[in-house]
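What follows is a set of notes on a single structure, which appears directly below.
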There are 2 protein chains.
Amino acid sequence: MTIHKGIRTGGRSARVQQSVHAAVKKLLESHDRADVTVPMIAQSAGVTPSTIYRRWGDIATLLADVALERFEPDEHLPDTGGFRGDVLAYAELYLDEMSSDLGRSMLRDVVATDDNNCALRCAELITKRLVVLAERAVARGETPPSTAFLIDGIFAPMVYRILFSETAPDNAYIRTLVDRCLPAD
Amino acid sequence: MTIHKGIRTGGRSARVQQSVHAAVKKLLESHDRADVTVPMIAQSAGVTPSTIYRRWGDIATLLADVALERFEPDEHLPDTGGFRGDVLAYAELYLDEMSSDLGRSMLRDVVATDDNNCALRCAELITKRLVVLAERAVARGETPPSTAFLIDGIFAPMVYRILFSETAPDNAYIRTLVDRCLPAD
DNA sequence: CCATAAAAGCGAATTATTTGCGTTAAGTGC
DNA sequence: GCACTTAACGCAAATAATTCGCTTTTATGG
């Protein structure tokens, strides 16, 4: 008996996911995050609310899902010719994305989601990019520290302050964090 | 004109707050956090749901409020005779409180709350205790680093991992963080 | 005590969420 | 291609949560 029977996927998942995600993005441009409701999204996406509830469970999970997709694209990782410069540039980019009102509320949605899958994916987003930067550095003959060390030293404090402080951190603060982990030559 | 007119408090606020807080605590012992609803709390507290909605706005804010109260008591800050030991002991205490299922969901509630007052209060909780430890250290003739530095180096990474990782950090990890900020003599 | 203001109660109206059931769209194997 | 299987969806009814207008209670100041 061959095991790999190939799973039946069924359904119409792709199209619905696209239109719902698009609806969320559009609504978030014109409405405050707290004012966006599931029925509102459903109507804008041309689906019924029950579809959304069945698929995502609650609005926090849906918003987190959209947020993650938005950050995935990973267009252009900076390339400054050195590991320290790359990390600093990426950290500033990340700060820029996450310290806006929209970015902050996305982070909150990601954290608030029941199953912490979203949070995991969010954290991996940083890890994966740091790995890319580190591989580049190794190829150049540098010996970068571990990604865990950089997350502890740079990204964790940044995210902490975005989530818990009144005012978002600025680039000067980021530079201080980077200096601690990666002393300039 | 004397300024201090004494504000009108009106209502029955104190009693209601107490019974609602108590109801939340009791319910969280027997129910999963996601299963606790506002009407449920209201009934258990002997008030109407609308009272809770008017006073706290939503369930996240209420749960965050209760969570913060729970952590305030600040019974016994460790006193090990040295700043490094004190910080390590407090960090381990904090980890113990926050890495449980209940602690984690409290952190999430605090972060998810709309007005970030709760998050501010939560962060100040750490700051205030570190200040106490630092004052003690100064009185002993030590010269401790700033609280901001310790938060960046120890508490931010700890909270980051509690919120974003699959598995909570352990004491060994905390010790590593402390070692980085406060090298042993 | 009386006036006042803040907070809470009550219940109806509104909205959001869950659920059951029939239907439809995709993938699978022949 | 064609039948078959299954996950995903729409619809609508049922349930639950949230908001709203109005009344009542309580603490405080005069």
By side chain to side chain donor-acceptor pair (under 3.5 Å) - contacts of A:Asp58 (at least two apart): A:Thr61
With a cut-off of 3.5 Å and sequence neighbours excluded, list every side-chain donor-acceptor pair involving residues 134-141 of chain A.
unit_1: A:Arg136; atom_1: NH1; unit_2: A:Pro78; atom_2: O; d: 2.7
unit_1: A:Arg136; atom_1: NH1; unit_2: A:Asp86; atom_2: OD2; d: 3.2
unit_1: A:Arg140; atom_1: NE; unit_2: A:Glu142; atom_2: OE2; d: 3.0
unit_1: A:Arg140; atom_1: NH2; unit_2: A:Glu142; atom_2: OE2; d: 3.1

Table please: side-chain donor-acceptor pairs of residues 156-164 of chain A below 3.5 Å, with sequence neighbours left out.
unit_1: A:Arg161; atom_1: NE; unit_2: A:Tyr173; atom_2: OH; d: 2.6
unit_1: A:Arg161; atom_1: NE; unit_2: B:Asp152; atom_2: OD1; d: 3.2
unit_1: A:Arg161; atom_1: NH2; unit_2: B:Asp152; atom_2: OD1; d: 2.9

Base C:dG9 paired with B:Arg55 side chain (donor-acceptor, <3.5 Å): no
Residues in contact with DNA chain D, drawn from residues 31-44 of chain A - heavy-atom cutoff 4.0 Å: none
A:Thr51 vs D:dG10: side-chain N/O to OP1/OP2 distance below 4.0 Å: yes
Those residues that, when tested against A:Lys25, pass side chain to side chain donor-acceptor pair (under 3.5 Å) (two or more places apart): A:Glu69
Pairs touching residues 115-146 of chain A that satisfy ring-ring contact (aromatic ring centres under 6.0 Å, His included), sequence neighbours left out: none
d(CD1, A:Ile52; C1', D:dA8) in whole Å: 14 Å
Base D:dC11 paired with A:Ser50 side chain (donor-acceptor, <3.5 Å): yes
Interatomic distance where CD belongs to B:Gln17 and C1' belongs to C:dA7 [whole Å]: 12 Å
Residue pair A:Val36 / A:Val24, side-chain heavy-atom distance below 4.5 Å: no
Upstream residue (5' side of DNA chain C) when A:Arg54 and A:Pro49 are each assigned their closest nucleotide: A:Pro49
Between D:dA17 (P) and B:Trp56 (CH2): distance, integer Å: 18 Å
